[in-house]
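The structure appears below as structure tokens.
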Amino acid sequence: MKINGIHHVSALTANAQKNVDFYRQILGLKLVKKTVNQDDPSMYHLFYGDEVASLGTELTFFEIPMLARRLEGTNAITRTGLVVSSEEALTFWEKRFEEKGVNKEAISLRAGRPALPFVDPEGQQLFLTVDPNGHDAGSPPIHENIPSDFAIKGLGPVELTVANIETTIRVLADILGFQEISREQTTDGSMMAIFESGEGGAGTELHVIERAEGPSERSGRGSVHHVAFRVENGEELEKWHDKISKAGFTNSGVVERFYFKALYFREPNGILFELSTDGPGFTVDESVEELGARLALPPFLEHKREEIERRLTPIH
């Protein structure tokens with residue numbers, strides 16, 4: 001039993017069309033699955049990834065129209081990393097962000113790698129970072145204005161900010177098997193512990209920052225809902241269910257999501273973790289060429305397609 005890196009990160013948006021405009025047109029990610037929140041089919045669930053929906057590349061969004069803006073705070077997933085292959089790629093993105101009016105910071109070092117922090121139109125905090133060897137099995141998303149050598153290759157480190165770092169560390173190290181590899185100070189003087197899983201690399205890392213004072217984040221548009229970690233298959237996920245339950249954590253039990261199976265629980269500071277199986281994947285109901293072209297529904301919702309599509313605003 002082991003965690004093999006980050007499976008996906010799920011965030012919140014108030015407007016699916018504007019979300020597509022930014023993540024597809026500006027960042028060049030591929031919309032690999034246009035589906036609905038299986039727990040509430042009245043809202044979109046959008047999945048972005050590489051050209052072939054490789055494991056560890058998916059950044060997803062639930063659309064909740066009229067959602068208020070988040071209020072920054074602790075006990076939350078506060079920044080999401082995306083990986084590019086070179087410092088030259090970072091320079092390309094720095095120029096592209098200037099041309100497109102994207103709010104960004106200066107390139108700086110983070111966990112020993114150059115990184116370019118930026119913010120999406122709804123205030124979600126992200127950063128690009130260099131990991132030459134990350135996600136080599138993937139395929140760069142095709143975009144007419146973004147050379148493949150500079151394209152975003154997948155997910156990078158995910159940042160957590162918590163009030164009590166030791167309780168989060170115990171879950172990561174003692175239960176989930178993450179390894180702490182270093183610690184460093186952030187620009188505001190806070191301590192950040194860096195953990196990796198699986199074979200290591202940017203796409204397996206969690207960066208955990210402790211801020212003991214201040215309010216917890218109020219969730220809203222621009223918030224990250226949860227981070228999911230990769231497990232090999234359903235049999236292993238059942239074993240994780242037993243382990244997490246015996247450790248005393250209230251959890252969802254194993255949930256069938258059609259594209260993967262999932263298990264949800266909250267660590268002691270209240271951040272939602274998910275464990276997700278590698279398969280069957282996003283090509284189980286669409287070919288690579290068809291990914292994201294139409295509304296995809298799991299079989300148990302297919303009989304409600306007409307009703308669901310009537311309630312959704314079309315995305316162009």
Side-chain angles (χ1 to χ4, degrees), residues 1-11 38-39 55-56 58 60 62 73-81 111 155 157-183 190-212 215-217 219 223-279:
M1 289 172 58
K2 65 176 181 177
I3 301 297
N4 294 312
I6 297 169
H7 189 283
H8 66 268
V9 174
S10 290
Q38 294 180 13
D39 299 323
L55 291 169
E58 275 71 44
T60 96
F62 299 107
T74 190
N75 297 331
I77 299 168
T78 44
R79 198 177 285 270
T80 301
L155 292 173
V158 174
E159 176 189 282
L160 317 179
T161 302
V162 297
N164 184 341
I165 196 170
E166 293 304 324
T167 57
T168 297
I169 287 175
R170 283 197 289 271
V171 172
L172 294 178
D174 297 343
I175 297 178
L176 298 181
F178 279 78
Q179 300 290 320
E180 184 174 343
I181 56 174
S182 65
R183 295 198 177 194
S190 300
M191 186 272 291
M192 180 170 74
I194 299 167
F195 291 82
E196 69 177 11
S197 58
E199 296 180 356
T204 77
E205 289 181 3
L206 292 179
H207 296 177
V208 188
I209 297 171
E210 182 174 57
R211 291 202 177 96
S216 295
E217 178 186 279
S219 182
S223 289
V224 176
H225 187 265
H226 66 265
V227 58
F229 307 123
R230 290 176 54 193
V231 302
E232 187 172 354
N233 53 41
E235 181 180 357
E236 188 169 306
L237 189 61
E238 292 286 356
K239 294 178 182 178
W240 280 110
H241 177 223
D242 290 342
K243 184 174 185 178
I244 289 165
S245 298
K246 288 176 181 177
F249 288 93
T250 300
N251 62 81
S252 65
V254 174
V255 181
E256 176 60 66
R257 294 300 191 196
F258 185 54
Y259 305 110
F260 48 85
K261 293 182 179 180
L263 170 69
Y264 304 85
F265 74 102
R266 292 189 184 274
E267 56 81 51
N269 286 288
I271 296 174
L272 184 61
F273 286 168
E274 175 183 342
L275 305 184
S276 298
T277 60
D278 282 350

Tyr259: what forms a ring-ring contact (aromatic ring centres under 6.0 Å, His included) with it, not counting sequence neighbours? Phe282
Is the shortest side-chain heavy-atom distance between Val231 and Ile3 below 4.5 Å? yes
Is there a donor-acceptor pair under 3.5 Å between the side chain of Asn233 and the backbone N or O of Gly279? no
Who are the side-chain contact (heavy atoms from CB on, under 4.5 Å) partners of Pro215, not counting sequence neighbours? none
Phe195: partners by ring-ring contact (aromatic ring centres under 6.0 Å, His included), with sequence neighbours left out: none
Among pairs that include at least one residue of residues 262-277, which meet salt bridge (Lys or Arg N to Asp or Glu O under 4.0 Å), considering only residues two or more places apart or in two chains? none
Once side chain to side chain donor-acceptor pair (under 3.5 Å) is applied, do any residues pair with Thr78, and if so which ones, sequence neighbours excluded? Glu159, Thr161
Mind checking side chain to side chain donor-acceptor pair (under 3.5 Å) for Arg170 and listing every partner two or more places apart, or none if nothing turns up? none
Can you name the side chain to side chain donor-acceptor pair (under 3.5 Å) partners of Asp278, sequence neighbours left out? Arg230
Give every residue pair that meets the salt bridge (Lys or Arg N to Asp or Glu O under 4.0 Å) criterion with at least one member in residues 253-265, sequence neighbours excluded. Asp39-Arg257
Under the salt bridge (Lys or Arg N to Asp or Glu O under 4.0 Å) test, residues paired with Glu180 that sit two or more places apart: Arg183
Within 6.0 Å of CD in Glu235, more than 12 heavy atoms from elsewhere: no
ring-ring contact (aromatic ring centres under 6.0 Å, His included) partners of His8, counting only residues at least two apart: His226, Phe260
Listed partners of Ser223 passing side-chain contact (heavy atoms from CB on, under 4.5 Å), at least two apart: Leu12, Arg70, Glu217, Ser219
Residues passing the ring-ring contact (aromatic ring centres under 6.0 Å, His included) test with Phe258, sequence neighbours excluded, are none
